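Everything below concerns the one structure shown next.
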Number of protein chains: 2
Amino acid sequence: MNITDVAKKAGVSISTVSRVLNNASYPVKQETRERVLEAVRELGFRPNDLARGLLLKKSRTIGLVIPDISNPYYPELALGLEATASEYGYSVIFCNTGRQAEKLEHYVDVLLQKRADGIVLAGGGTDFTPVFQPLLDFDVEVVVIGRHYLPFLSVQIDNVAAAREVTTHLAELGHRRIAFISGPLNLTSVQDRLAGYRSGLEERGIGRDDRLVREGDFQSESGYSAALSLLQAEPRPTAIFASNDRMAIGVVAAAADLGLKVPDDISVVGFDDIIMASYMRPALTTVAIPGYEVGAYAMRLMLRLFAGEECSQITWLPTNLVVRDSSGPPRETEGFDVMKLERGGAEGRVLE
Amino acid sequence: MNITDVAKKAGVSISTVSRVLNNASYPVKQETRERVLEAVRELGFRPNDLARGLLLKKSRTIGLVIPDISNPYYPELALGLEATASEYGYSVIFCNTGRQAEKLEHYVDVLLQKRADGIVLAGGGTDFTPVFQPLLDFDVEVVVIGRHYLPFLSVQIDNVAAAREVTTHLAELGHRRIAFISGPLNLTSVQDRLAGYRSGLEERGIGRDDRLVREGDFQSESGYSAALSLLQAEPRPTAIFASNDRMAIGVVAAAADLGLKVPDDISVVGFDDIIMASYMRPALTTVAIPGYEVGAYAMRLMLRLFAGEECSQITWLPTNLVVRDSSGPPRETEGFDVMKLERGGAEGRVLE
DNA sequence: CTGAAAGCGCTTACAG
DNA sequence: CTGAAAGCGCTTACAG
C-alpha cells in the first residue's frame with residue numbers, strides 16, 4: 001500500500017496527498033483535505049520513510065556508537081539522547097562496539113550506508129581516527145562525547161577537576177595515604193581522573209606514592225582485588241578512591257571480607273553515582289555524572305548542527321561530588337585505638 | 001556521490017558496479033571486477049541503503065521497544081539483541097517508552113514508516129493491543145518478550161516457577177514468615193512472581209498472610225520503605241523476597257538502618273541478578289535472568305521468521321536461583337538470644 | 001486550489 | 001560477460 005492507493009481512494013492526485021500529509025500550511029480545499037485524511041485513516045497508510053529519505057537526503061536517523069551498554073552510565077546517556085531525538089522526530093540506531101576497533105569501523109560503515117543524519121561517538125578506549133576520513137567525506141554531522149577531536153564538536157565532563165575534588169575532599173578529612181584505583185589506562189577519561197588525583201595530592205602537599213595506585217578495568221572484581229592488595233600492604237591507605245562505582249563496590253566488599261569498617265578503617269569514594277551508590281550501607285560517596293544530560297545535550301548540539309548554527313567546540317557539563325557515608329576522617333586522627341586493628345597504624349601516624 | 005560516479009570512474013555500467021558489490025557469484029570478468037573495486041575504494045563509496053531498501057522492500061532494521069533502559073535488565077537484553085542483529089547485518093533502532101501508551105503507538109508508527117523488517121516488543125506495564133492492527137497490516141515480523149499475545153511469537157522466562165523456587169528455598173531454610181515485595185502489579189511478570197510466591201507457600205503448607213505482601217515499584221526506594229514497614233510490624237517476617245534486586249538492595253539498606261543483620265535477623269532475596277548483587281556484603285541471593293540470551297534469542301527467532309521457518313509460539317528460557325549469603329536460617333531456630341533483639345521473637349516461636 | 005512529471009540511488013529481469 | 005531500462009514510493013518545482 002502506498003501513496004497512490006491513498007490518492008485513488010480519495011480521488012485526488014498523489015501530489016495532493018503528499019501536501020496534506022507533509023505541508024499543513026499548503027492551501028488545500030478543506031473538503032479535499034478531509035477526504036485525504038479519511039482515506040489515510042481507513043487504509044492505515046504510513047508513508048514510506050525510505051522513499052522520503054532517498055529524495056530529501058535525510059533519514060531522520062541518528063547513530064549512537066557506545067563502547068559498552070553494560071556500564072550503567074551509558075543507558076542513562078542513551079535515554080537522554082533518545083528522548084531528545086524522538087522529541088524532534090529522530091530515531092536512534094544503537095551500536096555497541098565492545099571497544100573493538102573493527103566494530104567501530106563496521107558501525108560507521110553501516111550508519112553511513114543508512115545515511116544517518118548524525119553520528120554520536122561516545123566513550124574512550126577505541127581510537128576514533130580511522131573513521132575520520134569517511135565521516136568527513138559524507139554529509140553527516142558528528143558529535144563526540146567524552147573526548148575531544150579537532151574536526152568535531154564534543155561534550156565532556158571535567159574528569160580532572162572532579163577527581164581533584166574527590167582527592168581534596170579526602171585530604172580535608174585528614175587522609176594522607178589516599179590510594180587510587182584507575183580504570184583501563186588507555187581511556188582518556190581514566191588518564192584525566194588519575195591526573196586529577198595527582199593534582200589534588202599536590203595541591204594539598206601530599207607526596208605522590210605510586211604504590212598506592214592500581215590499574216583496574218572498571219569491573220567490580222578488579223576493584224575487589226586491587227583493594228585486597230592495597231589493604232594488605234603496609235602501611236595501608238586510609239582512603240581508596242576508585243575511578244568508578246562498580247570498582248568502589250568491589251573495594252567495599254574487599255574491606256568487609258578483611259573485617260575492616262567503612263569509613264572508620266577505610267574511606268571509599270567512587271565515580272559515576274549509579275543508583276546503587278545511594279543504596280549501599282554505608283552509602284557511597286561518589287561523583288555524579290549527568291549521563292542523561294550528556295546524552296540530551298549531545299542531541300541538542302546535533303540539532304543545532306543540522307540547523308547550521310554556530311556551536312562551541314567543547315561543551316563542559318558539570319559533575320557533582322556527592323558526599324555520603326563511605327568517606328570520613330581516618331581513625332588515626334581520633335585516637336590510639338587504631339593500634340589494635342591496624343598494623344600500619346604507628347607508621348601511619350609518622351606521616352601526619 | 002553515487003553508483004553512477006563509481007561506474008564512470010571504472011568505465012562500466014551501474015549494473016556491473018551493483019553486481020560486483022552485491023553478487024559475489026555473478027560472472028564478471030576479473031579485470032572489470034578489480035577496476036570497480038578500485039573505483040569504490042578511491043571514492044570511498046558507500047551504497048545508499050535507503051535506495052536499496054526502497055527497491056527491495058527490506059530495510060535491514062529491527063526496532064527494539066523497551067519500557068525502561070534504566071532497569072539494568074534491559075541493557076543486557078539490548079546487548080544480546082544488538083550483537084546478534086549486527087552479526088547478521090541488521091541494525092537496531094532503540095525505542096524507550098517509559099511505559100507510556102502514547103509513546104508505544106508513536107514508536108510503532110515510526111518503525112512502520114521506517115519499514116523496519118522486525119519489531120521486538122519487550123516488557124510489561126503497557127498494553128500492546130492498540131498496536132496490533134497496524135502491526136498485522138504491515139509486512140513486519142513481531143517478537144514479544146516477557147508476555148504472550150496470540151498473534152505473535154514470544155520469548156519468556158518462567159516467573160511463576162522462579163518465584164516458587166525462591167519461596168521454597170526460604171521455607172527449606174526454616175522460614176515461615178516470608179514477606180513479598182512485588183513490583184507494579186499491572187505487570188504480568190510481577191503478577192506471575194506473586195503467584196509463584198503464593199504457590200511456594202502453599203506447597204510448603206505455610207498459610208498465606210497478605211499483611212506480608214507489599215507493592216513496590218521496582219525502585220530501590222520502594223523496597224526500602226516497604227521493608228521499613230514490614231520490619232517494624234509485629235510479628236516481623238524472618239525473610240523478605242523482593243521481586244527485583246534494586247528493591248532488595250533497598251531492603252538491605254532498611255535492615256541496616258534498623259540495626260538488623262542480614263541474614264541472621266532477616267533473610268533477603270532479590271530477582272534479576274544484576275552485577276551489584278554479587279558485590280554487596282552479604283552477597284545477595286537472587287534469581288538470575290539470562291538477559292543477554294533473551295535478547296539474542298529474540299533476534300534469532302526474528303531471523304527464522306524472515307526465513308519463513310516454523311517457530312514455536314512460546315520459548316521459555318531458564319532462570320537460575322543463585323544462593324549467596326543474604327539468605328540463611330532464621331535466628332529463632334538457633335536459640336533464645338533472638339529475644340534480645342527481636343520484639344516479636346517470642347510470638348514468632350509460637351508459629352514454629 | 002490541483003495535477004503531471006522529474007528524479008532521489010539503487011537492483012534486476014531482459015536482451016545481446 | 002555487459003548494459004539499457006524499468007521501477008521502488010515519495011516530494012516539489014512548474015504549469016494551469
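Remember, it's a predicted structure, so these values are computed and weren't measured experimentally. A, B, ... follow the sequence lines: proteins, then strands. Residue 1 opens every chain.
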Report task. Shoot me the first and last contacting nucleotide of DNA chain D against chain A, ordered 5' to 3', at under 4.0 angstrom to non-hydrogen atoms. Result -> dG9(D) to dC14(D)
Query raised in the report: Are any side-chain N or O atoms of Asn96(B) and backbone N or O atoms of Leu79(A), one a donor and one an acceptor, separated by less than 3.5 Å?
Result: no
Query raised in the report: Hey, are Arg300(B) and Glu293(B) close enough for a salt bridge, meaning a charged N less than 4.0 Å from a carboxylate O?
Result: yes
Query raised in the report: So, Phe132(B) versus Phe152(B), ring centres under 6.0 angstrom or not?
Result: yes
Query raised in the report: With a 4.5 Å heavy-atom cut-off, do Val20(A) and Tyr26(A) have their side chains touching?
Result: no
Query raised in the report: DNA chain C: stems of at least 3 consecutive Watson-Crick or G-U pairs, cut-off 3.5 Å?
Result: C:1-3 with D:14-16, C:5-12 with D:5-12, C:14-16 with D:1-3
Query raised in the report: If you pin Gln30(B) and Ala51(B) to their nearest nucleotides in DNA chain D, which one's is more 5'?
Result: Gln30(B)
Report task. Please measure how far the C1' atom in dT12(D) lies from the corresponding atom in dG16(D), and state the result in whole Å. Result -> 16 Å
Report summary line: Closest non-hydrogen contact found for Arg147(B) with Ser154(B) is O-CB, 3.0 Å
Report task. Would you please test Gln113(A) and Asp109(A) for side chain to side chain donor-acceptor pair (under 3.5 Å) and show each step? Result -> CA-CA 6 Å; Gln113(A) 288 185 201; Asp109(A) 270 356; over 6 Å; no
**Report entry** Asp117(A) side chain to Lys58(A) backbone, donor-acceptor under 3.5 Å
**Finding:** no
**Report entry** Whether over 12 other heavy atoms sit under 6.0 Å from Tyr88(B) OH
**Finding:** no
